[in-house]
Engineer: 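Pasting a structure here, questions to come.
When reading the values below, keep in mind they use all heavy atoms of this one structure, side chains included, and skip hydrogens, waters and symmetry mates. Lettering of chains follows the sequences in order, A, B, ..., and the numbering in each one begins at 1.
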Amino acid sequence: MPDECLPGALDSMRDALLAWYAADHRALPWRDTTDPYEILVAEVMSQQTQLERVVDAWEAFLERWPTVAALADTPRAEVVAFWSDHRLGYNRRARFLHESASIIAHDWDGSFPREPDELERLPGVGPYTANAVASFAFNNGDAVVDTNVKRILFRLCTASTDREPSYERLASRLMPPATSRQWNNAMMELGGVVCEKRPRCDEGNCPWRRWCDAYATGDFTAPDVPSQPTFDGSRRQFRGRIVRIVSEAGRVTCSELGPRVRVDFDPADQDDRSWLRDLVESLAADGLVRLETATDEWAVAPVAE
DNA sequence: ATCCCGTTCA
DNA sequence: TGAACGGGAT
């Protein structure tokens with residue numbers, strides 16, 4: 001996606017989007033804070049999880065662990081249990097958040113770095129989250145590029161090229177200097193409520209209609225998002241069950257765990273036992289549970305620390 | 001079935 | 001570059 005697909009009237013486009021956002025937008029609670037810890041919690045929770053499902057969990061999480069120090073002082077297992085209780089999915093994100101809290105508390109003396117490059121060194125923090133935290137906490141980020149932003153840019157410039165676009169470069173050129181807090185909120189708002197898979201250009205009063213290739217041509221093709229395999233019966237589903245069982249029940253042996261994970265699990269069957277063991281090992285490697293092999297029969301327990 | 005304000009590891 | 005990672009909602 002070449003730069004020349006941007007119209008000459010860059011300033012008008014920028015003003016139009018910022019005015020559109022200022023006029024009305026969703027009242028997401030983390031938009032009312034600039035505390036980097038609160039922002040980080042919101043962003044990590046929001047990775048691949050719908051925002052409506054995040055709001056309650058975010059408020060409960062911050063009530064329980066109001067500061068990065070409080071979270072760092074908590075045993076990992078409690079954070080994992082919270083994640084599981086609130087059905088946030090992707091339990092590894094609970095571990096990443098807990099590890100990040102420890103790093104901030106110990107290596108950064110309790111205060112967050114302001115630069116995206118520094119934030120990106122935290123576990124579970126990639127380019128998106130680093131720029132989101134830098135933007136919303138410090139107004140110090142680059143343009144964020146998530147699936148929403150990609151969809152907007154693709155449609156904006158779809159008639160201009162058939163080459164693989166550099167979304168980062170284009171997004172960055174579009175953002176007015178030193179406006180990342182407002183700008184990134186506005187871009188994601190546009191992608192979230194107007195430029196959705198099924199676009200709502202007129203209903204949503206899209207501020208970019210007059211510059212948009214897709215609006216002009218009626219071709220609202222969007223970039224392919226990789227589809228996920230069926231969840232039912234998947235490894236991911238069983239991993240999630242194990243984490244929840246251990247969070248609720250504490251230490252359980254293989255024979256106790258198996259039937260609670262899969263109804264037709266046979267504790268006497270070696271294949272069943274190694275199937276379960278493999279899942280537990282992967283969870284232990286992810287720091288979500290602890291595998292005990294000291295006794296007769298192996299068991300799984302809440303993660304230490 | 002498909003989507004959801006991504007990141008990690010191979 | 002691709003697969004794996006959870007699970008609720010529509």
Engineer: Which pair of non-hydrogen atoms, one from A:I39 and one from A:T34, has the smallest distance, and what is that distance?
Structural biologist: CG1-C, 4.5 Å
Engineer: Supply the members, apart from A:F231, of the Ile/Leu/Val/Met/Phe/Trp/Tyr cluster built from side-chain contacts under 4.5 Å; use none for a lone residue.
Structural biologist: none
Engineer: Grab the CG-P distance between A:D56 and C:dA9 for me, whole Å please.
Structural biologist: 12 Å
Engineer: What's the closest nucleotide to the A:T129 side chain, out of C:dG8, B:dT7, B:dC5?
Structural biologist: B:dT7
Engineer: NA contact type, A:L28, heavy-atom cut-off 4.0 Å: base, sugar-phosphate, or nothing?
Structural biologist: base
Engineer: Would you say the side chain of A:Q50 and the base of B:dC3 hold a donor-acceptor pair, judged only by whether the two atoms sit under 3.5 Å apart?
Structural biologist: yes
Engineer: Would you say A:N131's side chain and A:G141's backbone share a donor-acceptor pair under 3.5 angstrom?
Structural biologist: no
Engineer: What integer number of Å spans the P atoms of B:dC4 and C:dT1?
Structural biologist: 23 Å
Engineer: When we call it a touch if two heavy atoms are under 4.0 Å apart, what does A:D286 touch: a base, just sugar-phosphate, or nothing?
Structural biologist: nothing
Engineer: Starting at atom CG of A:L119, determine the distance to atom P of B:dT7, rounded to an integer number of angstrom.
Structural biologist: 12 Å
Engineer: May I ask you to verify if any side-chain N or O of A:R53 is less than 4.0 angstrom from the OP1 or OP2 atom of C:dG7?
Structural biologist: no
Engineer: Relative to the ring of A:F61, is the ring of A:F82 parallel (under 30°), tilted (30 to 60°) or perpendicular (over 60°)?
Structural biologist: perpendicular
Engineer: With a cut-off of 6.0 Å (strictly less than), are more than 12 heavy atoms of other residues, nucleotides or ligands near CD of A:E63?
Structural biologist: no
Engineer: If the P atom of C:dG6 is compared with that of B:dA10, how far apart are they to the nearest Å?
Structural biologist: 16 Å
Engineer: Just call it for A:E189: base, sugar-phosphate, or nothing, with non-hydrogen atoms closer than 4.0 Å on any strand.
Structural biologist: nothing
Engineer: Return the value, rounded to whole Å, for the distance between atom CZ of A:R239 and atom C1' of C:dA4.
Structural biologist: 8 Å
Engineer: Using a cut-off of less than 4.0 Å, is there contact between a side-chain N or O of A:R235 and OP1 or OP2 of C:dA3?
Structural biologist: no
Engineer: For the residue pair A:P113 and A:F138, what are the closest heavy atoms and their distance?
Structural biologist: O-CE1, 3.3 Å
Engineer: Rounding to a whole Å, what distance do you find between A:N148:CG and B:dC3:P?
Structural biologist: 13 Å
Engineer: Rounded to whole angstrom units, what separation is found between the CZ atom of A:R236 and the C1' atom of B:dG6?
Structural biologist: 12 Å
Engineer: Within the pair A:Q237 and C:dG6, is there a side-chain N or O less than 4.0 Å away from OP1 or OP2?
Structural biologist: no
Engineer: Does the distance from a Lys or Arg side-chain N to an Asp or Glu carboxylate O, for A:D278 and A:R235, drop under 4.0 Å?
Structural biologist: yes
Engineer: Tell me whether A:E292 contacts the main-chain N or O of A:A301 through its side chain, where contact means a donor paired with an acceptor under 3.5 Å.
Structural biologist: no
Engineer: Take atom C1' in C:dC5 and the same atom in B:dC3, then report the distance between them in whole Å.
Structural biologist: 16 Å
Engineer: Of the listed nucleotides (C:dG8, C:dG6, B:dT2), which one gets closest to any side-chain atom of A:K197?
Structural biologist: B:dT2
Engineer: Based on Watson-Crick and G-U pairs with both distances under 3.5 Å, what dot-bracket line describes DNA chain C 5' to 3', crossing pairs as [ ] and inter-strand pairs as |?
Structural biologist: |||||.||||
Engineer: Using a 4.0 Å heavy-atom cut-off across all strands, classify A:T49 as base, sugar-phosphate, or nothing.
Structural biologist: base
Engineer: Is a donor from one side chain sitting under 3.5 angstrom from an acceptor on the other, for A:Q228 and A:R236?
Structural biologist: yes
Engineer: So does A:R198 get a side-chain nitrogen or oxygen closer than 4.0 Å to the phosphate oxygens (OP1/OP2) of B:dT2?
Structural biologist: no
Engineer: Using whole Å, report how far CD of A:E196 lies from P of C:dT10.
Structural biologist: 13 Å
Engineer: Could you state the atom-to-atom distance from CD of A:E281 to P of C:dA4 in whole Å?
Structural biologist: 18 Å
Engineer: Return the 5'-most residue of the pair A:E52, A:Q47 with respect to DNA chain C, ranking by each residue's nearest nucleotide.
Structural biologist: A:Q47
Engineer: Any protein N or O atoms within reach of nucleotides 8-10 of chain B? Criterion: under 3.5 Å, listing atom names and distances.
Structural biologist:
{"unit_1": "B:dT8", "atom_1": "OP1", "unit_2": "A:G124", "atom_2": "N", "d": "2.7"}

Engineer: Can A:Y128 and A:Q47 be counted as having a side-chain donor-acceptor contact under 3.5 angstrom?
Structural biologist: no
Engineer: Measure the distance from OH on A:Y90 to P on C:dG7 and round it to the nearest whole Å.
Structural biologist: 10 Å
Engineer: Do the side-chain N or O atoms of A:T147 get closer than 4.0 angstrom to the phosphate oxygens (OP1, OP2) of B:dC3?
Structural biologist: no
Engineer: Of the candidate nucleotides C:dG7, C:dG6, B:dC3, which contains the atom at the shortest distance from the side chain of A:V225?
Structural biologist: B:dC3
Engineer: Does either side chain, that of A:D232 or that of A:T230, offer a donor lying less than 3.5 Å from an acceptor on the other one?
Structural biologist: no
